[in-house]
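Whatever order the structure lists them in is the order used to number ligands and atoms, beginning at 1. What you see is a predicted model; the values in this text were computed from it and never measured. Below, all heavy atoms of this structure are taken into account, side chains as well, without hydrogens, waters or symmetry copies.
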Amino acid sequence: MEDQLRSIVDRAHEAARTASDVAALAAVESSFLGKKGELTLLLRGLGALPKEERPAFGKLVNEAKVRLEELLADRSRDLESVALEAALGGDGFDPTEPGLEVSHGSLHPITQITRELVRVFEGLGFAAARGPEVEFEHFNFDALNIPASHPARDTQDTFWLSDGNLLRTHTSPVQVRAMERFGAPLRVIAPGRCFRNEAVDATHEHTFYQMEGLMIDRDISVANLIHVMKTCLREILGREVRIRLRPGFFPFVEPGFELDVHDPFGTGEDRWLELLPCGMVHPNVLRAGGLDPEEWTGFAFGLGLQRLVMIRYGITDIRDFTGGDLRFLEQFGRV
Ligand code: FA5
């Protein structure tokens, strides 16, 4: 029987080595190790041997079986890689290699903050509106109680178009546009791009983003303004903030305020930082929007979006927002 075993092993190994593909190899496996395979049958015939010879011969057959299994596994791996090589057409492209990571980029921090603000204000019952970036002088200045002769125009120098229109200097023109369009009562925010003809430095850009807020109803007071601003800042900065109002002048509000935030970076410092101007809508502006100031009152604010993001993340140079440096932008997360 040992001769028989040797013969089977020799033929099996030869057949495994010469199998030309995976299917041929499977046939080899079946004819030697399958249910009716030669090695299997040999093992089954063990009973015909004298009792004392069985363990030693059984061991031999089992060892031969394990070696054959190993050989078949090795050959199978070889044949698979040959098959893959052939499928690849030999051009070196391997579809099973992990691909290159494609960066999906992220939303610009100004876009992110705009979306967050819209969500917060929608929760407070405000609708988001948009106004044109190329604006009529009327909405940007006159309707906001800033006639041509008013010195406030000097603080908001802009880029004029040859047709007499201009690049809007703030989002406040949306106030009167929204009043005309929707009437009162009214709760609206208007985020968007603004432009000013001014020297660029670490805190000033010629192109920047603001978000206007306007609430008009009966009996609106400064208390409503304070509540809305505190709610907004708590949501955006993720903590309770102390705010204060100082008198500030803007022709389209009366009274007008500068709103300051205490401990702006949440580091525990005893410091106030000017965040945004706001105030109660001037009667002339209500009139320009077709509303009766005897019946309606309201508050408005103009939030600088770069400034808010700078406070939130401790950014010190406003030019980073438009600098195009990916190392800066990538800090604001993948989306
Ligand atoms: C205004 O533009 C008023 N329209 C705001 C307002 C609205 C007042 C409603 C009252 C009622 P001001 O010029 O201060 O105000 O600008 C508001 C904010 O816009 C500033 O606090 C600042 O954060 C931002 N801002 C103004 N100019 C620039 C600039 N050149 N670069 C970057 N941000 C600016």
**Study point:** Those protein residues which place at least one heavy atom below 4.0 Å from ligand 1
**Key:** Gln156, His170, Ser172, Gln175, Arg196, Glu198, Thr203, His204, Glu205, Phe208, Gln210, Glu212, Phe250, Phe252, Val253, Leu275, Pro277, Cys278, Ala300, Phe301, Gly302, Gly304, Arg307, Ile318

Hey, is [X] close enough to [Y] for a salt bridge, meaning N to O under 4.0 Å?
{"X": "Arg153", "Y": "Asp142", "answer": "yes"}
{"X": "Glu240", "Y": "Arg234", "answer": "yes"}
{"X": "Glu38", "Y": "Arg11", "answer": "yes"}

Anything under 3.5 Å between a donor and an acceptor, one on a side chain of residues 55-63, the other on a protein residue two or more places apart or in another chain? List them.
unit_1 : atom_1 : unit_2 : atom_2 : d
Asn62  : ND2    : Gly58  : O      : 3.4

Point to revise | Asp320: partners by salt bridge (Lys or Arg N to Asp or Glu O under 4.0 Å), with sequence neighbours left out | key: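 So Asp320 forms no salt bridge (Lys or Arg N to Asp or Glu O under 4.0 Å) with any residue.
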
Review point. Partners of Thr96 by side chain to side chain donor-acceptor pair (under 3.5 Å), sequence neighbours excluded?
Key: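 With neighbours one apart ignored, the set is Asp94.
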
